[in-house]
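As structure tokens, the structure follows; a few thoughts come after it.
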Amino acid sequence: MALTALLVAVGMMYLWETQGSNAVTTVFVQKGKNLHLDVNKPVVLPKGEEFKWTYNNKHNLVRLRSGEEPRKSQEDSYKGRVEFSEQNHSLLLKNVQHNDSGDYTALITGDTNQPLAEYKVIIQDPVSPAQLSVNSVSNSTESCNLTVTCSTEDSLINSTFRCDTQTCNQEGGEQSKNTTSASSLRVYLFNGSIICNHSNQVSWTSNMTKIQHFCPLTAGTPGFTTVVIVIVIFIVFIIVIGILFFLVRQKNQQKRENSENATYQEINPSQTPNQTATEDASGLSPNSTYALVGIPAAPVRSTETVNTPKPESVYAQVT
Ligand SMILES: *[C@@H]1O[C@H](CO)[C@@H](O)[C@H](O)[C@H]1NC(C)=O
Ligand SMILES: *[C@@H]1O[C@H](CO)[C@@H](O)[C@H](O)[C@H]1NC(C)=O
Ligand SMILES: *[C@@H]1O[C@H](CO)[C@@H](O)[C@H](O)[C@H]1NC(C)=O
Ligand SMILES: *[C@@H]1O[C@H](CO)[C@@H](O)[C@H](O)[C@H]1NC(C)=O
Ligand SMILES: *[C@@H]1O[C@H](CO)[C@@H](O)[C@H](O)[C@H]1NC(C)=O
Ligand SMILES: *[C@@H]1O[C@H](CO)[C@@H](O)[C@H](O)[C@H]1NC(C)=O
Ligand SMILES: *[C@@H]1O[C@H](CO)[C@@H](O)[C@H](O)[C@H]1NC(C)=O
Ligand SMILES: *[C@@H]1O[C@H](CO)[C@@H](O)[C@H](O)[C@H]1NC(C)=O
Ligand SMILES: *[C@@H]1O[C@H](CO)[C@@H](O)[C@H](O)[C@H]1NC(C)=O
């Protein structure tokens, strides 16, 4: 499972430098993990020629002749670290160290030198922890200003955040810096938290703090309270409308009960959808029927029932 995770990670780190047949793929691998390189095309090995994986065009990691067993490098620095798949000619170099960084090439040698795949491999250490500290807070009823330091051993960013009662903003937006060890340090505001993130191509660490811990009067998430208030007002509004509607209906009903049959009133609204169905279904009814009734055509319904027109009912309904 760990290997699968690594393979996925390595796969995601592929960066195509150039396009075309001689594309060199850059691969970043974390120190101590395994390097997995594929040929990604079928290998046809003519008799007398040799397939190999080379490192910096000097060291042969694996050599293969047709009809023979593959031969792995006998150099001390590669003993027990090289795996080779005869099926797809992929290379696995275990437990990589910094001095494994360099160019790896799969090629066929013989009458012609035919490169098959070329990789530029960069081994990186996992990044050190990101440190986030709050330097100063100035706090009033209307606003809150906060300065933080996001740092690693060899790099540092100071950043200021300003909040009013609604939102918080980072002065100058997200701040970032490249460190001397080819990693990147970033400090930014996300979801009401200040995040300090130290990352390179193989790993990241982060450290965060909720802005509300220091600026309690302000909403950490922009507009969050506003959204809640709007929703509450909306719900209250709907309830009030519902009550008013109910009261008016009841009043009307009481009035009509003296002269009309209450049962008729109750059935009448629920019949409207049935009317729609029969009117749409009528292939014989003229355009004027649609115009008169004023109901938009429902395409699904009309195709379902267009073969069973009921003209009598339409005329009955329209009149
Ligand atoms: C090639 O074979 C190796 C070992 O069987 C496997 O780990 C790797 O995923 C294969 N690569 C491709 C591209 O199929
Ligand atoms: C690469 O470094 C490792 C440990 O850092 C060492 O054991 C190994 O001998 C080195 N390999 C070469 C080719 O220098
Ligand atoms: C976050 O940064 C603080 C201040 O530098 C540090 O004390 C703490 O250990 C860090 N936390 C993590 C999880 O790295
Ligand atoms: C925060 O900074 C702004 C702009 O510099 C300033 O107007 C405001 O008074 C400051 N707020 C506090 C609480 O210091
Ligand atoms: C960052 O802030 C700290 C504390 O306020 C200060 O000592 C340091 O000089 C500042 N560094 C930079 C690069 O601004
Ligand atoms: C850091 O380096 C990358 C490329 O390595 C570059 O795209 C980016 O602009 C640099 N960022 C800063 C803040 O210098
Ligand atoms: C934002 O923060 C809230 C509470 O602090 C949390 O419940 C929510 O999952 C966070 N959202 C994201 C996208 O991280
Ligand atoms: C830190 O940055 C890395 C690289 O950009 C990213 O993959 C990771 O999700 C970030 N972590 C957090 C907590 O934002
Ligand atoms: C910020 O101000 C509020 C009231 O204005 C106070 O209750 C709170 O303790 C202050 N917080 C800090 C971190 O100074």
Side-chain angles (χ1 to χ4, degrees), residues 1-19 23-36 96 98-104 118-139 144-163 167-216 218-224:
M1 235 174 75
L3 182 64
T4 315
L6 174 77
L7 297 185
V8 169
V10 169
M12 281 162 56
M13 287 164 205
Y14 283 12
L15 297 171
W16 290 97
E17 278 194 337
T18 52
Q19 295 296 321
V24 176
T25 308
T26 303
V27 180
F28 293 92
V29 187
Q30 187 171 319
K31 180 175 176 264
K33 299 267 174 99
N34 298 340
L35 167 67
H36 175 118
V96 291
H98 284 290
N99 55 15
D100 289 319
S101 291
D103 296 326
Y104 289 76
E118 207 175 332
Y119 296 92
K120 181 183 163 70
V121 173
I122 297 169
I123 312 298
Q124 288 187 331
D125 283 317
V127 292
S128 58
Q131 281 156 13
L132 180 64
S133 57
V134 174
N135 297 329
S136 67
V137 184
S138 64
N139 180 7
C144 178
N145 296 339
L146 175 89
T147 65
V148 301
T149 299
C150 168
S151 62
T152 65
E153 315 83 281
D154 61 1
S155 198
L156 178 155
I157 304 174
N158 285 339
S159 185
T160 303
F161 295 84
R162 299 190 197 289
C163 301
T167 61
C168 293
N169 286 297
Q170 183 172 15
E171 199 175 72
E174 177 180 315
Q175 305 290 304
S176 69
K177 215 172 209 179
N178 289 337
T179 72
T180 49
S181 49
S183 59
S184 135
L185 189 64
R186 292 186 297 141
V187 59
Y188 55 95
L189 190 60
F190 175 72
N191 194 20
S193 291
I194 298 167
I195 296 172
C196 170
N197 187 329
H198 185 206
S199 64
N200 62 12
Q201 274 80 3
V202 299
S203 67
W204 58 267
T205 60
S206 79
N207 199 326
M208 61 170 79
T209 186
K210 274 204 182 311
I211 209 161
Q212 268 174 313
H213 290 162
F214 302 94
C215 297
T218 55
T221 311
F224 180 69

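Small disclaimer: the values here were computed from a predicted structure and weren't measured. As the structure lists them, so they are numbered: ligands from 1, and atoms in each ligand from 1.
- Shortest contact from atom 6 (C) of ligand 3 to any protein heavy atom: N207 ND2, 4.1 Å.
- Using modelled atom types, one side-chain atom of T205 and one backbone atom of A130 make a donor-acceptor pair closer than 3.5 Å.
- Taking a 4.0 Å cut-off on heavy atoms, S176 registers as neighbouring ligand 6.
- By the definition of a contact as any protein heavy atom under 4.0 Å away, atom 3 (C) of ligand 6 is in contact.
- Short contacts between ligand 6 and N178, defined as distances under 4.0 Å to a heavy atom of the residue, involve ligand atoms 1 (C), 2 (O), 3 (C), 8 (C), 10 (C), 11 (N), 12 (C), 14 (O).
- Looking only at protein heavy atoms, the nearest one to atom 5 (O) of ligand 8 is R186 NH2, 3.4 Å.
- With hydrogens left out, the protein atom closest to atom 1 (C) of ligand 8 is N197 ND2, 1.4 Å, a heavy atom.
- Using modelled atom types and a 3.5 Å distance limit, the side chains of S203 and Q30 yield no donor-acceptor pair.
- Within the 3.5 Å criterion, the main-chain N or O of I195 finds no donor-acceptor partner in the side chain of S193.
- Within the 4.0 Å heavy-atom cutoff, H198 does not count among the residues contacting ligand 8.
- Between P129 and ligand 3, a contact under 3.5 Å exists for no N or O pair.
- Checking side-chain atoms of N200 against main-chain N and O of D125 turns up a donor-acceptor pair under 3.5 Å.
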* Asked: Passes disulfide bond (SG atoms under 2.5 Å apart), C168 versus C163? Steps please.
  -> CA-CA 4 Å; C168 293; C163 301; 2.1 Å; yes
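- Shown in contact with Y188 at under 4.0 Å from a heavy atom are these atoms of ligand 8, numbered in order with element: 12 (C), 14 (O).
- Taking a 4.0 Å cut-off on heavy atoms, S151 fails to register as neighbouring ligand 3.
- Only backbone heavy atoms of A130 (N, CA, C or O) come within less than 4.0 Å of ligand 3; its side chain stays farther off.
- There is no protein heavy atom closer than 4.0 angstrom to atom 9 (O) of ligand 3.
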* To do: Applying side chain to side chain donor-acceptor pair (under 3.5 Å), run through S184 and N178 and close with a yes or a no.
  => CA-CA 4 Å; S184 135; N178 289 337; 4.6 Å; no
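- Checked by atom type and distance alone, the side chain of E171 never pairs as donor or acceptor with a backbone atom of N169 at under 3.5 Å.
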* May I have the step-by-step check of side chain to side chain donor-acceptor pair (under 3.5 Å) for H198 and N207, ending in yes or no? => CA-CA 9 Å; H198 185 206; N207 199 326; over 6 Å; no
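- Judged by distance alone, the side chains of T147 and S136 do bring a donor and an acceptor atom under 3.5 Å apart.
- Below 3.5 Å of separation, one finds no N or O of K177 facing any N or O of ligand 6.
- Within the 3.5 Å criterion, the main-chain N or O of I194 finds no donor-acceptor partner in the side chain of T209.
- Within a 4.0 Å radius of atom 14 (O) of ligand 3, the protein contributes at least one heavy atom.
- Applying the 4.0 Å criterion to heavy atoms of Q131 picks out, from ligand 3, the atoms 2 (O), 5 (O).
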